[in-house]
Amino acid sequence: MSLEGQLLDRKSLRAVTGKSADWPELAKDCVAFANAVGGRLLIGIENGEELPPSGQRIPADLPDVLRRRVGELTINVAVQPLVVTAGNGGEFIDLTVARSSSGVASTSDGRFFLRIGDTSSPVLGDDVMRLANERSALPWETLTSMEVPRTQVDATKMAALVAGLRASDRVKPSVKEKRDDELLDHYQLARGEWLTHLGVLCVGLQGDRARLGSAPVIQFIKRDTQENKVNKLSWDDYTLSPMELVDAVWQDVPDFREFYEVAEGLFRTQVPAFDERVIRELLINALVHRPYTQRGDIYLNLHPDRLEFVNPGRLPLGVTPGNVLHASVRRNEHLARLCHDLKLMEREGSGFDAMYDVLLSQGRPAPVVEEGADWVKVTLARTAPDRQVLAFIAKASESYPLTQRERIALGLLARDDAMSARELATRLELQDAEALRPWLGRLCEWGLVGQSGRTKATRYFLKPELLRSLAFPAVTTLKRIEDHRLRALVLEDLERYPSSSIGQIHQRIGQEIPRRRLQTLLAQLVASGDVQAKGERRWTRYGVTL
């Protein structure tokens, strides 16, 4: 089962039965899911548990009671309860909450909520009007008001889109088997005999895209130290789809080819002035999350000390500059899905995590997000990477199975030397210092991060001698090595030692790795064609496919 989050929550059976039943709380969560993109409530599974109690049974009348009570306590909310028997024999209710399609959902006493991450947050004041406006704007992608025939597509764009989807490992085999015309329907690019607005945007002809009125236009403006304009580039002729715009901007801006030279002993390494992964992520975020019912150009303003991405419209409701690292709200659901399947972006809000990881691992400042009355601005500092921090994070990543969160925390501490628990929690956009454990727990255990003081007075720091010498205090264990690292380790081993048994591979790469995990990985590599297997059972020998 998935962990709790944007699409899933768990509730004890006590919340809907007996004297402890809390129906207003259940109504609140149902309204929050309905105002977002829908979701599921697993009733009968305690928080932090994966399964219900083994002897738990659901009263026969409870599904009907749930349906009736939610209907009485909410407006514009539709639910579907289903009794499920778990693997341990215990029963629970899988309550599916549909996304509201008939307006804004609310409780019967006039309160509004929205699901943001793993929280059902109240919507108050002017934000109620924003919610109503955004709810009415969401179907923009699937409208067919332009009445562009589904056959009126740009053949080159259509071929490129289909090829990208069929080559992607994020697309199910059953979807790849669909005909080109069926893919248009599957991704909401066409409906009936017409292209949808999303279809015109992605595979339509230039003239039809221009008639949309809100197809994205991007302007790049470079200024000198006196704020004089010294260069300008525009992508404003509507010939490119959003996916093509990302490549065009990255390739056409000459300043993105600049680099810094970082000394490494007797050698010098070239490090890009702007990391390609960060620029592409910001571009795709600007294109996917903008409100397409609002006109306005996307601006890239390059100054001697910074690069600004300015997007029209405000952040989606529920996302603020203070929680952008954790919040996951998709304004254009179908465009986000398409770009995710094309491997242009991460769908679940991990884009900013990746940017933090890349920038802080290079000793550069994290991006700064600002929101105005009708614009959002993300600023990247134009600074050379910190050689010491770059070497430290690289060496630590080689020696320890660091998660993305741990690399971000290390990067922050490496730049600032030491931070209090409260300061670090604020920088990581966490509610309190207690939430730092997943970010710092293992780092402290390994001796990479030191700490002094207690409770609110706790300070975390990197030892200066450790930062300089890179002499880490412990040897890593491979037991929790990440999947992609284990995959690379196995492939490298088989290149050196072809025709090896699983026992020989296990002994060479590290016996602390569970054998069952190695068996599963080898089966996946054989299925993908990267590795060949000869023989059966104990006589099976593996080698890299030539």
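We number each residue from 1, following the sequence as shown.
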Polar side-chain atom of Ser500 near backbone of Ile505 as donor-acceptor pair, under 3.5 Å:
no
Sequence neighbours excluded, the answer for ring pair (Phe, Tyr, Trp, His ring centres under 6.0 Å) partners of Tyr299 is none
Q.
Contact between Arg427 and Met419 at the side-chain level, heavy atoms closer than 4.5 Å - yes or no?
A. yes
Closest heavy-atom pair, Arg364 versus Ala273, reported as atoms and distance to 0.1 Å, is NH2-O, 3.4 Å
Tightest non-hydrogen contact, residues Leu201 and Pro216, listed as CD1-CD, 3.7 Å
dist Glu371:CD -> Thr320:OG1 (nearest 0.5 Å) comes out at 8.0 Å
Next on the checklist: Side chains of Val369 and Phe352, heavy atoms from C-beta outward: is any pair under 4.5 Å?
Outcome noted: yes
Any heavy-atom pair between the side chains of Glu177 and Glu182 that's under 4.5 Å? no
So do the side chains of Arg382 and Glu258 get within less than 4.5 Å of each other, counting heavy atoms only?
-> yes
- Relative to each other, are the rings of Phe256 and Phe274 parallel, tilted or perpendicular (30° and 60° limits)? perpendicular
Closest heavy-atom pair, Val153 versus Met158, reported as atoms and distance to 0.1 Å, is CG2-CB, 4.3 Å
In this structure, CH2 of Trp446 is separated from CD of Glu406 (nearest 0.5 Å) by 5.0 Å
Taken to the nearest 0.5 Å, the spacing of Asp9 CG from Ile45 CD1 works out to 11.0 Å
Checklist entry - Ser54 side chain to Gly90 main-chain N or O, any donor-acceptor pair under 3.5 Å? => result no
What do the steps show when you test Arg541 against Ser501 for side chain to side chain donor-acceptor pair (under 3.5 Å), and what is the final call? CA-CA 5 Å; Arg541 295 295 182 267; Ser501 68; 4.5 Å; no
When you compare the side chain of Glu308 with that of His303, does any pair of heavy atoms fall below 4.5 Å? yes
(Q) Under a 3.5 Å distance rule, please check whether Thr119 uses its side chain to pair with a backbone N or O of Ser121 as donor and acceptor. (A) no
Original post:
Within a strict 4.5 Å, meaning less than it, do heavy atoms of the Phe309 and Asn285 side chains meet?
Top reply: no
Margin query: With heavy-atom distances below 4.5 Å as the criterion, would you say the side chains of Pro321 and Leu315 are in contact?
Written below: yes
To the nearest 0.5 Å, atom CD1 of Ile298 lies from atom CG of Leu287 at 4.5 Å
So does Arg290 get a backbone contact from the side chain of Asn332, meaning a donor-acceptor N/O pair under 3.5 Å? yes
Here the gap from Leu402 atom CG to Leu443 atom CG, rounded to the nearest 0.5 Å, amounts to 6.5 Å
With heavy-atom distances below 4.5 Å as the criterion, would you say the side chains of Asp94 and Leu42 are in contact? yes
Heavy-atom closest pair (Cys202 atom, Leu335 atom, distance to 0.1 Å) is SG-CD1, 4.1 Å
Q) Hey, does the side chain of Arg280 reach the backbone of Trp250 with a donor-acceptor pair shorter than 3.5 angstrom? A) no
**OP:** Given side chain to side chain contact (heavy atoms under 4.5 Å, CB included), test Met345 with His289 step by step and report yes or no.
**Re:** CA-CA 12 Å; Met345 67 177 296; His289 297 303; 4.0 Å; yes
### Message
Check whether Thr458 reaches the backbone of Ala421 with its side chain - one donor and one acceptor, N or O, closer than 3.5 Å.
### Response
no
Okay, side chain of Ser361, backbone of Ile393: is any donor-acceptor separation there less than 3.5 Å?
-> no
Residues Gln362 and Arg277: closest non-hydrogen pair is NE2-NH2, 4.0 Å
(request) Would you confirm whether Asn311, through its side chain, and Ala286, through its main-chain N or O, come within 3.5 Å as a donor-acceptor pair? (result) yes
Task: Under-4.0 Å salt bridge between Arg405 and Asp353 - done: no
Heavy-atom nearest pair, Arg517 first then Leu486, reads NE-CD2, 3.7 Å
Can you list the steps and then say if Ile279 with Leu307 is a side chain to side chain contact (heavy atoms under 4.5 Å, CB included)? CA-CA 10 Å; Ile279 298 298; Leu307 173 62; 3.7 Å; yes
Arg166 side-chain N/O to Lys176 backbone N/O, donor-acceptor pair under 3.5 Å: yes
**Prompt:** For the side chain of Ser528 and the backbone of Leu525, is there at least one donor-acceptor N/O pair under 3.5 Å apart?
**Reply:** yes
- Where do Leu462 and Val449 land on the side chain to side chain contact (heavy atoms under 4.5 Å, CB included) test, with the steps shown first? CA-CA 5 Å; Leu462 297 183; Val449 172; 3.8 Å; yes
Residue pair Thr96 / Arg40, side-chain donor-acceptor N/O under 3.5 Å: no
Checking side chain to side chain contact (heavy atoms under 4.5 Å, CB included) for the pair Asp252/Trp235: CA distance, chi angles, key distance, verdict?
CA-CA 10 Å; Asp252 293 351; Trp235 297 265; 3.1 Å; yes
_Electrostatic pair Glu141:Arg337 at N-O distance under 4.0 angstrom_ = no
Check your understanding: Does atom CD of Gln251 have more than 12 heavy-atom neighbours from other groups under 6.0 Å away?
Key -> yes
When rounded to the nearest 0.5 Å, the distance separating CG of Leu338 from CG of Leu189 is 6.0 Å
